[in-house]
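Reviewing the structure listed below.
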Amino acid sequence: MIHAEQHYAPRIRIVKGLEIGIQNGDTLKKCKAAAKNFSYDFLIGSFHSFNGTDLYTANYSEMEQDRILPSFYAYVHDCLKEFDDFDVLGHMNVIDRYLNLERDYSESLMIIEEILKMLISKGKGLEINTSSYRYGLKDRNHPTKEILQLYHDLGGEVLTIGSDAHRPSDLLFRFEEGAAFAENHGFKYFSTFQNRKVTMLPLSKFIVK
């Protein structure tokens, strides 16, 4: 990697990043080790499971429906109390991708507010993840408009925009809409990172008016 940085330095800046899949128990030790084993520029902390259940393969029909969301966000909250070696929390409401039910957030808002307060107090940010458009979630953006507005109202400022690209064609996917989504909820800047230090840049860079 150092050789690549030196080789391409006159033309591009190589940004070294990692997405850490946060889980409780012994896996948290691996998360902590992964965050420390390289001089990264940027770390995303994300959730892809909860209580030992993979979000993608879980059988939600067997769960108590009105407890799915509160249980998930309580799990996120508990894990983040133990692990905070990341810069931005990725696709916070990722569970919405997998729920074929009316998503009632009324029982989860208090714990979500505590999560956001925790992020803000520790200087962590939130990600707008434009994969929600690929998954056809319509108004259930990543994060939801309610979560993004609450983050803003609580004083949150660190905000990144990512496309969760698994293919080259997904790079920068609908970034302009993600930036407009941020602007519509009071944000003026998005964040970039180098050596784990944040730089704020104007959202107008992504928005064509």
Output the distance between atom [atom1] ([X]) and atom [atom2] ([Y]), rounded to the nearest 0.5 Å.
X: L154; Y: I115; atom1: CG; atom2: CD1; value: 12.0 Å
X: I14; Y: H7; atom1: CD1; atom2: NE2; value: 9.0 Å
X: E113; Y: D153; atom1: CD; atom2: CG; value: 10.0 Å
X: I20; Y: I44; atom1: CD1; atom2: CD1; value: 10.0 Å
X: S71; Y: E64; atom1: OG; atom2: CD; value: 8.0 Å
X: I22; Y: L28; atom1: CD1; atom2: CG; value: 8.0 Å

Are more than 12 heavy atoms from other residues, nucleotides or ligands located less than 6.0 Å from atom [atom1] of [X]?
X: Q149; atom1: CD; answer: yes
X: K122; atom1: NZ; answer: yes
X: M200; atom1: CE; answer: yes
X: F83; atom1: CZ; answer: yes

Show the nearest heavy-atom pair for residues [X] and [Y], with the distance to one decimal.
X: G156; Y: I120; value: N-CD1, 3.5 Å
X: G178; Y: I161; value: C-CD1, 4.2 Å
X: P70; Y: S108; value: N-OG, 3.4 Å

**Request:** Would you indicate whether the side-chain heavy atoms of K16 and S39 approach each other to under 4.5 Å?
**Result:**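 Touching, per the 4.5 Å side-chain cut-off.
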**Check: L116 and L126 side chains under 4.5 Å, non-hydrogen atoms** =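 They are in side-chain contact.
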**Request:** Have a look at F42 and tell me which of D87, L18, T192, N195 forms a side-chain contact (heavy atoms from CB on, under 4.5 Å) with it.
**Result:**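 The passing option is D87.
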Please check: side-chain N/O of [X] versus main-chain N/O of [Y], any donor-acceptor pairing under 3.5 Å?
X: S191; Y: L159; answer: yes
X: S121; Y: K117; answer: yes
X: T144; Y: I147; answer: yes

**Request:** Could you give me the CA-CA distance, side-chain angles and deciding distance for R196 and D85, then say whether salt bridge (Lys or Arg N to Asp or Glu O under 4.0 Å) is met?
**Result:** CA-CA 10 Å; R196 307 289 303 278; D85 198 355; 3.0 Å; yes
**Mutual orientation of the aromatic rings belonging to Y151 and F187 [parallel < 30°, tilted 30-60°, perpendicular > 60°]** =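 Y151 vs F187 ring planes: parallel.
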With no hydrogens and no angle check, just 3.5 Å: does a side-chain donor-acceptor pair link [X] and [Y]?
X: E127; Y: T160; answer: no
X: E114; Y: H77; answer: no
X: N59; Y: S61; answer: yes
X: Y105; Y: D96; answer: yes

**Prompt:** Does the pair Y75 and I111 meet the rule for a side chain to side chain contact (heavy atoms under 4.5 Å, CB included), with working shown?
**Reply:** CA-CA 10 Å; Y75 175 80; I111 193 67; over 6 Å; no
Cluster check [X], [Y]: I/L/V/M/F/W/Y, side chain < 4.5 angstrom:
X: Y60; Y: F47; answer: yes
X: Y98; Y: I68; answer: yes
X: M110; Y: Y73; answer: no

**Request:** I would like to know whether F181 and L148 meet side chain to side chain contact (heavy atoms under 4.5 Å, CB included); could you show each step before the answer?
**Result:** CA-CA 9 Å; F181 179 50; L148 186 62; 3.5 Å; yes
**Request:** Could you tell me which residues satisfy side chain to side chain contact (heavy atoms under 4.5 Å, CB included) with Q194, sequence neighbours excluded, listed by chain and number?
**Result:**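 Checked Q194 against side chain to side chain contact (heavy atoms under 4.5 Å, CB included); matches are R13, D41.
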**Item:** Geometric cation-pi criterion, K124 with F86: 6.0 Å, 45°
**Value:**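 So K124 does make the cation-pi contact.
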**Residues which pass ring-ring contact (aromatic ring centres under 6.0 Å, His included) with H48, listed by chain and number, not counting sequence neighbours** =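 By the ring-ring contact (aromatic ring centres under 6.0 Å, His included) rule, H48 matches H91.
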**Message:** Let's go through H142 and N93 carefully: what are the C-alpha distance in whole Å and the side-chain angles of both, what is the deciding distance for side chain to side chain contact (heavy atoms under 4.5 Å, CB included) to 0.1 Å, and is it a yes or a no?
**Reply:** CA-CA 6 Å; H142 289 332; N93 62 317; 3.1 Å; yes
**side chain to side chain contact (heavy atoms under 4.5 Å, CB included) between T199 and F190, worked out** = CA-CA 8 Å; T199 297; F190 71 98; over 6 Å; no
